[in-house]
Amino acid sequence: MSATLNSTEPATGALLWEGSSGDVAEEVARARAGWPRWAAQPIAVRIETLRRFVNVIRAHEDSLVDLIARETGKPLWDARGEVASVMAKVDISVTAYSERTGQKRLDAAMGARQSLRHKPHGVMAVLGPYNFPAHLPNGHIVPALLAGNAIVFKPSEKTPAVGEMLVRFYHEAGVPTDAIRLLLGGAEEGKALAAHPDVNGILFTGSAQTGIAINRQFAAQPGKILALEMGGNNPVIVWDTPEIANAAALVVQSAFMSSGQRCTAASRLIVRDSLADVVIAEVKKIADRLIIDHPHADPTPYMGPVIDNEAADGLTESFLYLMSHGGRPIKHMVRPVKDRPFLTPAIIDVTAMEERPDVELFGPLLQVIRVPDFPAAIAEANNSRYGLSAALIGGSPDHYNQFWSNIRAGIINWNRPTNGASSSAPFGGVGISGNHRPSAYYAADYCAYPVVSAEIEQPRASIGVGLKDIDTSAMGD
Ligand code: NAD
Ligand code: SIN
């Protein structure tokens, strides 16, 4: 039986969208039926169709920006950046498709040719998160469609309206209605979709907790492709630098952009003891000035609310937990609007805590750890099961070499924030941040599998060894 779903604007509590959960079996059956036709289209047709998708988005750009801002609470400028990434994805994916999954002729024995080609997997389930409800699912969908797969897309239950609009735009561009299906619903529908026997692959972006559950579900099914893009507990180290104001701005950008709801957000600031007071004071000074408001507010806010009251309650509790276990508050987490999930950016010094929880705190909460020397900074940065993104701010080229060589993460930056990753590069983490199937530019790799064929037009063969002589005595009888 289908359940009623609704979506409210985090900033105002206004009802934005109403609908009901979908039927997993029906959506998978439609995609399965639509797949052979889409896969049989020449690649030029699939490219052309996806280029039309960009034109459709461009024609409706303001509506999509507005809907993302309303449904997630992120400021308009942030939502506009997300839509720009959605549009840029098509050209990037076309280049990646031909570079990473193109065709090749290789020499083979006895004058045969050997061809390398790639085939789509079939029906792919795409499970999306709420923080980038258009860009991140689109980052799986576009390369998967290009490669000739059919898709069943389940957006986050927190952002169904954006998911629905995105699928409408693929269809409007000419992607056949059976080549991409929308499945609305929550964890139950996600679980049932991933478990469906007619689904060949699961392309997931979300929390490590869910990703690990999906990984466990498929332990005995190596034949299904799983691409798991998960969370982070990302460190930013500030080391010797005279550029304190710039360093602090990079820390604020890393920790608080999108209200800290980026998988690459910095949640741990690791700083040399002797520099700590001045750096922390500067970070606090900027954080105190950040405008936190409704996405459409004037003056333009830096941050909106977090996604919902449950997330805001969880983050507030986490801040209190850190405080009551030895953390020293530098900037308190405050809920400035009653009953709405706005949070002020919070900073807490957790150096004295005996055991720091290694969890992703997905919001504007920055923990500070003071260290005496650079090896201690690196050890502290690696003191996590996650390994998505890490940045060094300041330090010498030698410090950066040590940092780059020793840090376990898929994104390692110098004097740049931990977030703002480019779609033109591979994107993924190690540890519990991913399963070694990076997305973005390398998404092409998990959307198709290589097939090698030795080929010659006539059968020609002879067996040169290990044969008995022909028995001629029996001949002529
Ligand atoms: P989530 O894990 O709660 O949900 C993600 C999706 O999985 C949703 O569509 C949800 O309905 C579905 N789902 C939930 N339980 C499921 C189950 N058992 N089986 C199948 N599907 C299930 O994530 P979220 O809270 O929506 O998103 C925030 C998280 O996403 C953060 O942890 C963030 O770091 C991470 N994230 C990662 C990346 C990346 O590329 N590495 C990017 C953005 C966000
Ligand atoms: C994310 O995907 O959550 C963040 C991407 C980025 O800003 O690096």
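Numbering of ligands and ligand atoms starts at 1, following listing order. This is a predicted model, so every value here is computed, not measured.
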Quick test of your reading of the model: are [X] and [Y] salt-bridged, counting only N-O distances below 4.0 Å?
| X | Y | value |
| --- | --- | --- |
| R262 | D78 | yes |
| R70 | E9 | yes |
| R30 | D23 | no |
| K331 | D349 | no |

Can you classify the ring geometry of [X] versus [Y] as parallel (below 30°), tilted (30 to 60°) or perpendicular (above 60°)?
| X | Y | answer |
| --- | --- | --- |
| F132 | H135 | perpendicular |
| W77 | Y302 | tilted |
| H140 | Y446 | tilted |

What does the N/O contact table under 3.5 Å look like for ligand 1?
| from | atom 1 | to | atom 2 | distance (Å) |
| --- | --- | --- | --- | --- |
| ligand 1 | 2 (O) | S207 | N | 2.9 |
| ligand 1 | 2 (O) | S207 | OG | 2.7 |
| ligand 1 | 2 (O) | T210 | OG1 | 2.8 |
| ligand 1 | 9 (O) | G128 | O | 2.8 |
| ligand 1 | 9 (O) | K154 | NZ | 3.0 |
| ligand 1 | 11 (O) | K154 | NZ | 2.9 |
| ligand 1 | 11 (O) | E157 | OE1 | 2.6 |
| ligand 1 | 23 (O) | S207 | N | 3.4 |
| ligand 1 | 26 (O) | Y130 | N | 3.4 |
| ligand 1 | 30 (O) | G206 | O | 3.4 |
| ligand 1 | 32 (O) | E360 | OE1 | 2.5 |
| ligand 1 | 34 (O) | E360 | OE1 | 3.4 |
| ligand 1 | 34 (O) | E360 | OE2 | 2.6 |
| ligand 1 | 41 (N) | M230 | N | 3.3 |
| ligand 1 | 41 (N) | M230 | O | 2.7 |

Task: Shell of residues surrounding ligand 2, defined by a 4.0 angstrom heavy-atom cut-off that is strict - done: N131, F132, L136, R262, C263, T264, N419, G420, A421
- [ ] Answer yes or no for K154 and F204: cation-pi contact, defined as NZ/CZ to six-membered ring centre under 6.0 Å and angle to ring axis within 45°.
- [x] no
Open item on the list: Can you see whether N200 engages Y449 through a side-chain donor-acceptor pair at a distance of less than 3.5 angstrom?
Closed with: no
